[in-house]
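Taking it in order: structure first as structure tokens, then the write-up.
Heads up: numbering here begins at 1 and tracks the sequence. Remember, it's 1-based here, ligands and their atoms both numbered in the order they're listed.
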Amino acid sequence: MKIAFVSSEAVPYAKTGGLADVAGSLPKALERLCCEVKLFIPKYYSINENEFNLHYNWKIGEIPVKIAKHTRSAHVYQSIFPGTSIEAYFIDCPHYFHRDQIYTDGFDEDERFILFNRSVIETLQRLKWSPDVIHCNDWQSALIPLYLKENYAWDKLFDTTSTLFTIHNIGYQGRFSRLSTKKADIREDLFYPHSSIEYHGDFSFMKAGIMYSEIINTVSETYAKEILTAEFGAGMEDILQQRKDDLFGILNGIDYSEWNPKTDRFLHHHYSANDLSGKEKNKKFLLKQFGLNFNKDVPLIGIVSRMVSQKGFDLFEQASKSLEKLDAQWIILGSGEEKFEEMFMNLHRKFPEKVAVYVGFNNELSHILEAGADIFLMPSLYEPCGLNQIYSLKYGTVPVVRKTGGLADTVKDWIALSKAGYYTGNGFSFSNYSPEDLFNATRNAVEIFQDKETWKKIQLNGMNEDFSWDTSAKKYINLYNMAIRKRGAK
Ligand code: ADP
Ligand code: GLC
């Protein structure tokens, strides 16, 4: 099966969040299942040609893309995805992609990804490569299904090409004014109230992705159900309802070659479920780096996150007066909205001996923190899948989470289960989005931490679970087959 995997970020090239982890690992798992995969991402300024062995593709040459009044030039660089035979293609257009950040809130954010979408299709044409499925991810690649059915419908190359659209986060929709349809070269008569691209008078990339792709999925089973409701659908619930027979949930897998405490290249002390002793050494190392004292009876709570409301930091703020009283230490890594960065910095200023904060993006530290912390906190308002709680499980770092989306599908509450006589819990969870419940769940974890035997049981329950891609990648193949069948049936 031939799969074109299109994403706006992918590890190891460019990353702001979990989409990059998925785009950097699912294609590898698909290759192991005998798919031929080509990966497409924009060539951001930060992607170093030498570091990743990128070569300019002379055969493809210049791709002119008309956007509004301008004709922009796109070029294609190529590389082999490390450790695989997957060809990675990088769409280069300095005008749009040589910026400080991967995503911007500039006036031409729509243009950047219109160019990306069109250039991917034009690259496939120049390669004369006809994928069975184009797998699009989030709004940044959501126009491809529409383009195939409209602007490129003439091209026989795509006669049997179907599309799968994966929603990693319904909160980011790519909503632009109707003028953007002109920039995108979309036929005027496709835009009218309630059409497949119109959303409250605007042009929605996300809606186009949902309406034009053969099959849609999201990144956990619970989130697939949640987004059909007004509480979680972010306004897209009615549109998703129209396509609910084609909407599925597949839990993200984990790349254990990157995230495994036994082999993690960023750790100074390796450990595993058979011998946990290295974990404490990582904790000591981490605390020392941040100038905090080690005390084996005081748990270290870690947070690694984009600092945005989605992640439940409003709730954290409301609960912080109680949380700060817990006998625990905190190390927080993240960046995003200033108000949250400030909130954590203030906590550090108030309690320098127990709270440390690193504002920024640091991949190495995210690994060391996963290994060194005892507890990992994710009080998300909503969470399509969430990867850090799954990494935490593998690292024996007990997650405390709000029971929503992928968090609900991966974290099993120790307290509720043990009350029912099952000792299979791997973490702590709470349902209501309330500061009291967040506090209670965290306090429960801090208290049970003192009972070393029970704690180890909870740690091992998590460490022995398997969230590798093997199972989920097979489910993607099922969806690909479904998309192919649907396309054929038309
Ligand atoms: P989301 O994609 O919504 O941000 P996920 O839990 O799916 O949430 O994935 C987040 C990914 O980004 C994880 O791999 C996490 O380690 C990483 N990450 C988030 N913030 C930072 C940061 N400040 N520094 C390093 N890695 C980070
Ligand atoms: C999004 C979601 C996150 C998910 C990730 C990868 O960024 O917020 O929950 O894990 O995509 O699918």
Heavy-atom side-chain contact between E36 and S85 under 4.5 Å = no
Heavy atoms from other residues, nucleotides or ligands near CG of D275 exceed 12 (cutoff 6.0 Å) | yes
Qualifying residues under ring pair (Phe, Tyr, Trp, His ring centres under 6.0 Å), relative to F266, sequence neighbours excluded | H367
Parallel, tilted or perpendicular: rings of Y382 and Y223 (30°, 60°) = parallel
Only pairs at least two apart or in different chains count here, so list each salt bridge (charged side-chain N to carboxylate O under 4.0 Å, His left out) that has a residue in residues 257-267.
-> E258-R265
Inventory of protein N or O atoms under 3.5 Å from ligand 1 N or O:
from, atom 1, to, atom 2, distance (Å)
ligand 1, 2 (O), G18, N, 2.6
ligand 1, 3 (O), R306, NH2, 2.7
ligand 1, 3 (O), K311, NZ, 2.8
ligand 1, 4 (O), R306, NE, 2.7
ligand 1, 6 (O), L387, N, 2.8
ligand 1, 7 (O), L387, N, 3.4
ligand 1, 8 (O), K311, NZ, 3.1
ligand 1, 9 (O), G18, N, 3.2
ligand 1, 14 (O), K15, NZ, 2.8
ligand 1, 14 (O), D21, OD1, 3.2
ligand 1, 14 (O), D21, OD2, 3.4
ligand 1, 16 (O), N388, OD1, 3.4
ligand 1, 16 (O), N388, ND2, 3.3
ligand 1, 23 (N), G360, O, 2.8
ligand 1, 24 (N), N362, N, 2.9

Within the 4.0 Å heavy-atom sphere of ligand 2, strictly under, residues = G18, L19, V22, H168, N169, V219, N252, R306, Q310, E383, P384, C385, G386, L387
Do side-chain atoms of K2 reach the backbone of C35 as a donor and acceptor pair under 3.5 angstrom?
-> no
Can you measure from OG (S196) to CE (M211) and round to the nearest 0.5 angstrom?
-> 4.0 Å
Between F113 and W139, is the ring centre distance below 6.0 Å?
-> yes
T410 pairs by side chain to side chain contact (heavy atoms under 4.5 Å, CB included) with which of L251, N426, L387?
-> L251
